[in-house]
Amino acid sequence: MKLSTRHLLGIKDLTPQDIELILSTAAQFKDVLQRPVKKVPSLRDVTIVNLFYENSTRTRISFELAEKRLSADTINFSASASSVTKGETLLDTVNNILSMKVDMVVMRHSASGAPHFLAKKIPAAIINAGDGINEHPTQGLLDAFSMQEKFGKLAGLKVAIIGDIMHSRVAMSNMYLLKKMGAEVTVAGPPTLIPKHIKEAMGVNVTYHVKEALEWCDVANVLRIQLERQDQPLFSSLREYSLAYGINRRLLDGLKKEIVIMHPGPINRGVELDSDVADGPYSIILNQVENGVAVRMAVLYLLANREN
Ligand code: CP
């Protein structure tokens, strides 16, 4: 089977069959990653550039590791250490890199739509590693993989996405994916951080009460407040945000059931999650990070395979 698309720009463009194919291929790569020899020759002679115009820890290392496990040649590009600081455009930068016989581009950019723009201009396959407030498709896929691993299914699962929905590309990719795969989604947070028409646009439920979302859900995907994307204050203070919307152990222990806690990282400890929740028995946060490598191997493998 092949993916229906030659780029991974967003979950919005994927079919449920594409998502199933990526998740089942990721499960096979996860088995490979448990072996003493974790490397396979699948992308030998394929060259991939990791083009990061915005900071990253997890996504960047995870892509690089996934590429190395697949035996691809990798190049890492940081905008802050490049000729972008001398005024070079995105398109010039990428065309120069591609002229050195690079086959695939993994790209993170603070501008929403930057990878979509590039996809119309260059011949190489592009994987969106996060564009502004638009999408972070591999995060959505690794979150889904982690939920499926934990619960054995996505259809019918009740997922609460909690926090700064307005500025979160992770929320966007999760909503598209979970709705395509038959899960139920509720978004929760302060009214100023939830887009007004999200219920109609995305088919999700909305609540402004975190406790209500926690009582309803099987799994809560908790998001960071994206202060870097807010040009004016949208709530009174981080302390008040934490008191009203932060998740602590007392809140979870008061529920009449166990739920699973997820977070894409980086965590602002003591703001959206207390440490005893982030590091506690409800949390699968580090499993998400582990699964990210297998999911990114699957995406790279399937896109490269589509070109053959
Ligand atoms: N989840 C995530 O995108 O983390 P990074 O910003 O560290 O890549």
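Atoms within a ligand are numbered from 1 in the order they appear, just like the ligands themselves. Atom set for the values below is all heavy atoms of this structure, side chains included, hydrogens, waters and symmetry mates excluded.
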| message | When you compare the side chains of N50 and E67, does any donor N or O come within less than 3.5 Å of an acceptor on the partner? | response | yes

| query | Do F77 and F52 make the cut of ring centroids closer than 6.0 angstrom? | reply | no

| task | Mark up the atoms of ligand 1 that fall under 4.0 Å of a heavy atom belonging to T57, in ascending order. | result | 5 (P), 7 (O), 8 (O)

| note | Between M147 and the options K153, M262, M181, the side-chain contact (heavy atoms from CB on, under 4.5 Å) test singles out M262

| field | Pairing of R169 and E54 as salt bridge, 4.0 angstrom limit | value | yes

| task | Select the closest option to atom 6 (O) of ligand 1 among R108, R58, R169, R60, judged by heavy-atom distance. | result | R108

| said: Regarding ligand 1, does P266 bring an N or O atom to under 3.5 Å of one of the ligand's N or O atoms? | reply: no

| task | Considering the heavy atoms of T59, write down every atom of ligand 1 situated less than 4.0 Å from one of them. | result | 2 (C), 3 (O), 4 (O), 5 (P), 8 (O)

| task | Could you list the atoms of ligand 1 found under 4.0 angstrom from a heavy atom of G265? | result | 1 (N), 2 (C), 4 (O)

| Does G130 reach ligand 1, in the sense of a heavy atom lying below 4.0 Å from it? | no

| Sidechain N-carboxylate O distance under 4.0 Å for E149, K30 | yes

| field | Audit row: K257, E215, salt bridge (Lys or Arg N to Asp or Glu O under 4.0 Å) steps and yes/no | value | CA-CA 8 Å; K257 56 175 184 178; E215 281 168 347; over 6 Å; no

| said: Return the closest protein heavy atom for atom 1 (N) of ligand 1 as residue, atom name and distance. | reply: P264 O, 2.8 Å

